Amino acid sequence: REKFRSMVPLSLISECTKNLASEHAQVVPISLFAAVLCLCLVIGHLLEENRWINESIVAIIIGIIAGIILLLITKGKSSHILTFNEELFFIYLLPPIIFNAGVNPPNRFQVKKKQFFHNFFTIMMFGVIGVFISTFVITCGSWWIFPKLNLLGLTGKDYLAIGTIFSATDTVCTLQVLHQDDTPLLYSLVFGEGVVNDATSVVLFNAVQKLDVSKFSSKTFRFIGDFFYLFGFSTGLGVLAGLLTSYILKALRFGRHSSVREIALMILMAYLSYMLAELCDLSGIITVFFCGILMSHYAWYNVTETSRITTRHVFATMSFIAETFIFLYVGMDALDIEKWKMTKLSYGSLLGIYSSLILLILVGRAAFVFPLSAIANYTNTRASSDQASRITFRQQIIVWWAGLMRGAVSIALAFKQFTFSGVTSDPVKATMITNTIIVVLFSTLVFGFLTKPLIRYLLPHAATRKNIVHEESGPQIEDLNLPLLSLEESAATNISRAKESLSMLIESPVFTIHHYWRRFDDAYMRPFFGGPHHNESQC
């Protein structure tokens, strides 16, 4: 032992000892956080049937209580078990949430997936155009109001970032109340817009980071081109990853020997697509979402029944834990004494900022939900005489309300914009972090508490069942017979068919494109990448 000590420098021994101590120091907080997560699961289960409470609210309340206990134990020094890092969120927590939204198995979520593609135009309007409108309203409003409340020091890029941060919605509370079997149209709109909204907000946020606001020239608005570049190439990468995974599973037939390899390949390929997108400065959210959609559409039919059941629960579990982790941390971070001490503003100014942000969120949401709903109703009326595809005013109110909650994405973007690895020494940036925390807390607790009674008031069970019967008995747009051109027919017949198809494309573009895509998919894509026959197809 003495010989060994003489050979090894004391500085190296000391450094190794410190590293070992720091590693053990992380075990305690991780264990405590895991215990609090388990407590969230138990209490959330006990309050499952509660009219007012949902899992997000439970996690936030428990986080606040845990923060108070930590403050008492540390004598007001800290309310955190772990330190938040935006890289932790974007690399480990966000991918399973988004991937689970895209890879929902079709046999369980048939209505959701089917309605998602039927209402694709409306969902994209809400999720893409709506984010731009909401960002514009919140950016302009905060740029005008904040200086009047003595919040100075924010740049033009900061205000644009604020617009994107508070345009990212969290529709979990509403989706927990709605039932896809009872309200398929409304469920698909809220679910689809929520996913597309998060992806669009993050892509727009990344585009803003590349914007040079100090130079007011034509290049300033190049961020719109950057947005569509990120969106397009991210989508393409996700589609490529999903198709590649589907082909490998179909060609190699892993299920003959091991279901574990099938599940591992799907998880790793999805995560690899996300990381490749991030390495290429693309949007990992959009990539992993479309990768999930393609896997759900093709790869799902190339794996064994055991793998289908396992992956469904594994992806849902990973997403649930990640979401609970975020809301639990939000509750703790609301009591961060250091950030509150940095704020130099008076309580009146802070209250004015919180109220202004909530008001801008309300106005920004209404500025696109009701006008775009009117446009969607007009186009759907022209495309079909089926009134069940129209968005009623009560449903528009629910869509508007569903997007008022702010959650994990807003928190992560705020930390990414105003902190460095979760830490900031700038009073203005610390104020924006606390603003975001308060808005997320208020919107989740207050709006979340009122979600269940509001939906039950606006959508009574009797009216809901009436809509289902109407939808089931109404004409089905899927049954449109839009023939393709045939070499076996005469030129006059083909010209007549082309005119008919063009006429239907103009009158109902979404449904027509969907019909032709299904025919192409059944004829060429499914035989190569996997899937059921046409009569078993779900989308």
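None of these values were measured; they are calculated from a predicted model.
Within 6.0 Å of the CZ atom in F370, the count of heavy atoms belonging to other residues, nucleotides or ligands exceeds 12. At most 12 heavy atoms of other shown residues, nucleotides or ligands fall within 6.0 angstrom of atom CZ in F136.
At a threshold of 4.5 Å between non-hydrogen side-chain atoms, the residues L204 and F132 count as touching. At least one side-chain heavy atom of I61 sits under 4.5 Å from a side-chain heavy atom of L445. Contact annotation: the side chain of I165 never approaches that of K416 to less than 4.5 Å [non-hydrogen atoms, C-beta and beyond]. Annotation: side chain of Y354 is not in contact with side chain of I358 (no heavy-atom distance under 4.5 Å). Using a 4.5 Å heavy-atom cutoff, the side chains of L41 and I321 are not in contact. The shortest distance between side-chain heavy atoms of L151 and S349 does not fall below 4.5 Å. With a 4.5 Å cut-off on side-chain heavy atoms, F418 and L154 count as touching. Counting heavy atoms from C-beta on, the side chains of F146 and V428 never come closer than 4.5 Å.
In plain terms, the two heavy atoms of R365 and W400 that are nearest each other are CG-CD1, 3.1 Å. The minimum heavy-atom distance between I162 and M432, with the atom names listed, is CD1-CE, 3.5 Å. Considering all non-hydrogen atoms of both residues, F205 and Q417 come closest at CZ-OE1, 3.6 Å. Nearest approach of M318 to P96, heavy atoms of both residues: CB-CB, 3.9 Å. Minimum interatomic distance between M269 and A241 (heavy atoms only, all atoms of both residues): CE-O, 4.2 Å. In plain terms, the two heavy atoms of S201 and A168 that are nearest each other are OG-CA, 3.5 Å.
To the nearest 0.5 Å, the span separating CG on L160 from CD1 on I138 amounts to 12.0 Å. Atoms CG and CG, from L240 and L276 in turn, are 10.0 Å apart once rounded to the nearest 0.5 Å. The CG atom of L458 lies 4.5 Å from the CG atom of L454; values are rounded to the nearest 0.5 Å. Between the OG1 atom in T200 and the CD1 atom in I129 there is a gap of 10.5 Å [rounded to 0.5 Å]. Expressed to the nearest 0.5 Å, how far CD1 of I437 lies from CZ of F442 amounts to 15.5 Å.
Of the possible polar contacts, none joining the S283 side chain to the V203 backbone as a donor-acceptor pair under 3.5 Å is found. Here the side chain of S443 pairs a donor or acceptor atom with the backbone of V440 at under 3.5 angstrom. T444 places no side-chain N or O within 3.5 Å of a backbone atom of L441 that could act as its donor or acceptor partner. One N or O on the side chain of T164 and one on the backbone of A161 form a donor-acceptor pair closer than 3.5 Å. Side-chain N or O atoms of T139 include one that pairs as donor or acceptor with a backbone N or O of T135 at under 3.5 Å. Listed for the N197 side chain is a donor-acceptor partner under 3.5 Å among the backbone atoms of S167. A donor-acceptor pair is defined here as one N or O able to donate and one able to accept, closer than 3.5 Å; no such pair exists between the side chain of Q395 and the backbone of L186. The backbone N or O of F315 lies less than 3.5 Å from no partner atom in the side chain of S319, so there is not a single donor-acceptor pair. In terms of modelled atom types and a separation under 3.5 Å, the side chain of N377 and the main chain of I391 share a donor-acceptor contact.
Counting only N and O atoms by type, the side chains of D158 and T155 include a donor and acceptor under 3.5 Å apart.
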query: Stepwise, does the side chain to side chain donor-acceptor pair (under 3.5 Å) test hold for S273 with T287?
result: CA-CA 7 Å; S273 69; T287 298; over 6 Å; no

field: V196/F126 under side chain to side chain contact (heavy atoms under 4.5 Å, CB included): CA gap, chis, key distance, verdict
entry: CA-CA 8 Å; V196 177; F126 286 164; over 6 Å; no

- request: Starting from the C-alpha separation in whole Å, work towards a yes-or-no answer on side chain to side chain contact (heavy atoms under 4.5 Å, CB included) for L282 and Y229.
  value: CA-CA 9 Å; L282 299 175; Y229 164 79; 4.1 Å; yes

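When the side-chain contact (heavy atoms from CB on, under 4.5 Å) test is applied to I62, the partners found at least two apart in sequence or on another chain are V36, L39, C40, I43, V58, L328. Under the ring-ring contact (aromatic ring centres under 6.0 Å, His included) criterion, Y271 pairs with no residue at all, not counting sequence neighbours. Partners of F368 according to the ring-ring contact (aromatic ring centres under 6.0 Å, His included) rule, which considers only residues two or more places apart in sequence or in another chain, do not exist here.
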